[in-house]
There are 2 protein chains.
Amino acid sequence: MGDVFKALADPTRRHILDELAERDDQTLFEICVRLTTKYQVTSSRQAVSQHLELLEAAGLVRTRREGRYKFHTIDTSPLEQIAERWIRTKPQENP
Amino acid sequence: MGDVFKALADPTRRHILDELAERDDQTLFEICVRLTTKYQVTSSRQAVSQHLELLEAAGLVRTRREGRYKFHTIDTSPLEQIAERWIRTKPQENP
DNA sequence: ACTATAGGCAAGTGACAGCTTGCCTATCAA
DNA sequence: TTGATAGGCAAGCTGTCACTTGCCTATAGT
């Protein structure tokens, strides 16, 4: 669970999630091109690849292999619980 | 906004928020004691102090000075928007 | 005034994160 | 088969992070 927060802590990874939220099923090269053109992210291919590994390890990105292409998909299910961890717990609650 | 994610990326800071969610208005020393007894966090006073600075800079903790005591309060308002950034955005939306 | 308590400031250290570089594998088209 | 494309592996570098250490300030009690 801490992996999700660490994954979200980097601005480049947040841009990757932004991009995958707009358009799913993108390859590594497609993501690289769109990061540079739309978000002015100048990271290399290997850097983006390592970010995608981390996002996949955190459960935020799922991958699907097809021939020599590897498509990446966003998975928002880990995000749906994390914020409520502290929001729901009010002070002076004593069961 | 990225400060919020970076603040949440550290397990000790998440424990601090857990503790402040349970009991508000705690001093630095109170937080230190409770971190060690309840969460087995062995950080020093200065380490916890630096974590609280970071949490305050991220807007997750508010402080109030009273004499030589400084009370810390959790503020969950930054958390209420962050997760929805990617959850709300569905693919194939084209305005 | 003096001592203890609550907290702050700043330099230093060890470890890890993000990134690059270079080379390698696998798939597809010609 | 050959060349080009998509991606992976691994070592190395650099900056940042979490933490410690030592000293300092300020408030409260006696």
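Throughout, a chain's letter reflects where its sequence line sits, starting with A, and its residues are numbered from 1. Predicted model only: the values in this text are computed from it and were never measured.
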Notebook entry, point to check: From A:Asp75 CG over to B:Trp86 CH2, what is the distance, rounded to the nearest 0.5 angstrom?
Noted result: 13.5 Å

Next item on the list: Quickly work out the B:Arg65 CZ to C:dA6 P distance and round it to whole Å.
Entry: 12 Å

Next item on the list: Can you see which heavy atom on A:His72 is nearest to which on A:Thr63, and at what distance?
Entry: CD2-CG2, 3.6 Å

Notebook entry, point to check: Can you name the nearest heavy-atom pair linking B:Leu20 to B:Thr73, along with the distance?
Noted result: CD1-C, 4.5 Å

Item checked: Under-4.0 Å side-chain N/O to phosphate OP1/OP2 contact, A:Lys6 with C:dC16 -> no

Next item on the list: Grab the two heavy atoms, one from B:Asp25 and one from B:Glu30, that are nearest each other, plus how far apart they are.
Entry: O-OE1, 4.1 Å

Checklist line | Nearest heavy atoms of B:Ile74 and B:Leu17, plus distance in Å | finding: CD1-O, 3.7 Å

Margin query: Once you apply a heavy-atom cut-off of 4.0 Å, does A:Leu52 come out as touching a base, just sugar-phosphate, or nothing?
Written below: nothing

Note to self: Quick check on C:dC19: is either OP1 or OP2 less than 4.0 Å from any side-chain nitrogen or oxygen of A:Ser43?
What the structure shows: yes

Acceptor/donor pairs from residues 1-15 of chain A side chains to any protein atom, 3.5 angstrom cut, sequence neighbours excluded:
residue: A:Asp10; atom: OD2; partner: A:Thr12; partner atom: N; Å: 3.0
residue: A:Asp10; atom: OD2; partner: A:Arg13; partner atom: N; Å: 3.2
residue: A:Arg13; atom: NE; partner: A:Ala7; partner atom: O; Å: 2.8
residue: A:Arg13; atom: NH1; partner: A:His51; partner atom: ND1; Å: 3.0
residue: A:Arg13; atom: NH2; partner: A:Lys6; partner atom: O; Å: 3.1
residue: A:Arg14; atom: NH1; partner: A:Leu8; partner atom: O; Å: 2.7
residue: A:Arg14; atom: NH1; partner: A:Ala9; partner atom: O; Å: 3.3
residue: A:His15; atom: ND1; partner: A:Pro11; partner atom: O; Å: 3.2

Notebook entry, point to check: Under 3.5 Å, side chain of B:Thr37 to main-chain N/O of B:Val33, donor-acceptor pair present?
Noted result: yes

Item checked: A:Arg68 vs D:dA4: side-chain N/O to OP1/OP2 distance below 4.0 Å -> no

Check: 5'-most contact on DNA chain D: B:Arg45 or B:Gln50, nearest heavy atom basis?
Finding: B:Gln50

Check: Hey, does the side chain of B:Ser49 come within less than 4.0 Å of C:dG7's phosphate (OP1/OP2), counting only N and O?
Finding: no

Note to self: For a quick test of reading the model: is some side-chain N or O of B:His51 closer than 4.0 Å to OP1 or OP2 of D:dC19?
What the structure shows: yes

Next item on the list: Could you check which residues of residues 27-40 of chain B get a heavy atom under 4.0 Å from DNA chain C? Sort them by number, please.
Entry: B:Thr27, B:Leu28, B:Phe29

Check: What is the distance from CG of B:Leu55 to C1' of D:dC17, rounded to the nearest Å?
Finding: 14 Å

Margin query: Judged by each residue's nearest nucleotide on DNA chain C, which is more toward the 5′ side, A:Ala47 or A:Tyr69?
Written below: A:Ala47

Check: Please give, in whole Å, the distance from D:dC17 P to B:Phe5 CZ?
Finding: 17 Å

Item checked: Whole angstrom value for the distance that separates P of D:dG12 from CD of A:Gln46 -> 17 Å

Notebook entry, point to check: Does A:Lys70 put a side-chain nitrogen or oxygen below 4.0 Å from OP1 or OP2 of C:dT27?
Noted result: no

